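To start, the structure itself, in structure tokens.
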Number of protein chains: 2
Amino acid sequence: MQQKKEIINKLRSSNLRPTKQRILIARKLFDREETFHFTAESLNKAVNEKRHTKISLATIYNTVEAFKKAGHIREILTNNSKSYYDTNIKSHHHFYDPDSKKLTDIDYQEVILKKIPNPPKGKKIKDLEVVISLQKK
Amino acid sequence: MQQKKEIINKLRSSNLRPTKQRILIARKLFDREETFHFTAESLNKAVNEKRHTKISLATIYNTVEAFKKAGHIREILTNNSKSYYDTNIKSHHHFYDPDSKKLTDIDYQEVILKKIPNPPKGKKIKDLEVVISLQKK
DNA sequence: TTCACAGTTTAGAATAATTATAAACTGGAA
DNA sequence: TTCCAGTTTATAATTATTCTAAACTGTGAA
Ligand SMILES: [Mn+2]
Ligand SMILES: [Mn+2]
Ligand SMILES: [Zn+2]
Ligand SMILES: [Zn+2]
């Protein structure tokens with residue numbers, strides 16, 4: 001969870017001017033207890049539902065891209081037609097429920113790997129992501 | 001690797017008429033040694049590069065969808081804007097190289113998991129996919 | 001063998017998600 | 001307070017995919 005001041009610092013520290021729009025979007029993303037998994041569309045709804053003066057969809061896209069570049073959010077692997085983002089930037093894993101299309105975090109230490117292959121020559125491992133797809137029992 | 005006759009049987013067995021177009025696409029997909037990772041666009045190129053009478057892009061899309069439904073190919077997790085498919089329908093894992101945007105198969109037994117979390121209530125695990133992202137050493 | 005017709009292919013239109021454009025606006029340094 | 005680079009916005013453009021409906025074809029029955 002992050003308060004307004006921290007959010008402004010976070011923006012400044014990544015060379016993003018703390019505009020009204022960015023602060024609002026950042027609070028929606030980061031001023032919460034739980035990880036938020038979202039698309040541009042769902043974020044747009046979440047940000048604009050109770051507002052008279054709306055933040056434009058272009059700004060939603062611009063801001064998501066800026067936050068991603070700054071490393072404040074990360075993009076998630078899916079096979080959905082929309083891009084999914086995650087406010088949890090730590091290495092971690094996911095359950096994916098195709099029925100609800102919802103992702104749930106799995107803490108990094110909840111998955112223990114005993115063996116993984118060596119990366120190809122000239123490459124090293126940047127990240128390892130496990131996605132566990134679910135179905136009705 | 002699969003020959004023409006086997007491919008026709010494969011089509012028939014999934015209630016897909018073995019049309020000229022489907023046989024051609026299926027041979028391009030399945031009559032090969034190695035796994036093929038592809039998008040609608042790359043398959044379209046691969047199928048049509050040396051042809052005078054071209055298979056339409058709509059048929060490429062239709063056929064990919066039909067083969068996916070029939071379980072002859074599977075869709076892969078990515079954070080790319082295009083859908084990626086895989087001719088390897090066995091459970092397996094991937095290296096992903098963001099520089100080349102290329103996926104490489106990792107055999108199922110090359111990754112050994114020591115511990116994974118229990119699925120949420122009422123759900124069971126359908127599949128578990130590991131994606132190892134690479135970067136330059 | 002021919003016929004009939006459901007299944008299939010196709011060009012092009014439509015839609016959905018995202019990105020680009022360029023004019024108006026604004027945070028903040030001076 | 002002014003100035004201007006950075007930002008927002010409406011809207012156009014682009015990209016990937018799906019839809020539509022007319023033409024075509026594989027196949028089972030006659
Ligand atoms: Mn994808
Ligand atoms: Mn995706
Ligand atoms: Zn997450
Ligand atoms: Zn594969």
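Residue numbering restarts at 1 for every chain, and letters A, B, ... go by the order of the sequence lines. Here the structure is a predicted model, which is why all the values come from computation and not from measurement.
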If only side-chain N and O atoms of [X] are considered, is one of them under 4.0 Å from the OP1 or OP2 phosphate oxygen of [N]?
| X | N | answer |
| --- | --- | --- |
| B:R22 | C:dT9 | yes |
| A:S81 | C:dA16 | no |
| A:Q21 | D:dT9 | yes |
| A:Y61 | C:dT19 | no |
| A:K20 | D:dT7 | no |
| B:R12 | D:dG26 | no |
| B:S83 | D:dT17 | yes |

Which nucleotide, D:dG6, D:dT8, D:dG26, lies nearest any side-chain atom of A:R17?
->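 The closest nucleotide is D:dG6.
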Choose from C:dA11, D:dT9, D:dT17 the nucleotide whose nearest atom is closest to any side-chain atom of A:N62.
->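 The listed nucleotide nearest to A:N62's side chain is D:dT9.
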Whole angstrom is fine here: how far is it from [atom1] in [X] over to [atom2] in [N]?
| X | N | atom1 | atom2 | answer |
| --- | --- | --- | --- | --- |
| A:I8 | C:dG27 | CD1 | P | 11 Å |
| B:I25 | C:dT8 | CD1 | C1' | 12 Å |
| B:Y84 | D:dA16 | OH | C1' | 12 Å |
| A:K54 | D:dT11 | NZ | P | 16 Å |
| A:K82 | D:dA16 | NZ | P | 18 Å |
| B:N48 | C:dA11 | CG | P | 10 Å |
| A:N15 | C:dA29 | CG | P | 12 Å |
| A:I23 | C:dG27 | CD1 | C1' | 10 Å |

Have a look at A:T19 and say if it touches a base, only the backbone sugar-phosphate, or nothing, with a 4.0 Å heavy-atom cut-off.
->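 Sugar-phosphate contact only - A:T19 comes under 4.0 Å of backbone atoms but never of a base.
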DNA chain D: B:P18 or B:A40, which has the more 5' nearest nucleotide?
->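 Its nearest nucleotide lies further toward 5', so the answer is B:A40.
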Does the pair B:D107/B:K90 count as a salt bridge with the N-to-O cut at 4.0 Å?
->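 Answer for the salt bridge query: no.
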Answer yes or no: is there an ion pair linking B:K68 with B:D86, defined by an N-O contact shorter than 4.0 Å?
->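 Here B:K68 does not pair with B:D86 in a salt bridge, since their nearest N and O are not under 4.0 Å apart.
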Which pair of heavy atoms, one from A:Q21 and one from A:T59, lies closest together, and at what distance?
->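 A:Q21 and A:T59 have their closest heavy atoms at CB-CG2, 4.0 Å.
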Compare every heavy atom of B:E75 with every heavy atom of A:N79, then report the nearest pair and how far apart it is.
->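 Of all heavy-atom pairs spanning A:N79 and B:E75, the closest is O-OE2, 3.3 Å.
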Are B:Y108 and B:H93 close enough that their ring centres sit under 6.0 Å apart?
->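 For B:Y108 and B:H93, the ring centres are under 6.0 Å apart.
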Considering heavy-atom distances to DNA chain C, does A:A58 or A:E41 have its closest nucleotide positioned more toward the 5' end?
->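 Going by which nucleotide is closer to the 5' end, it is A:E41.
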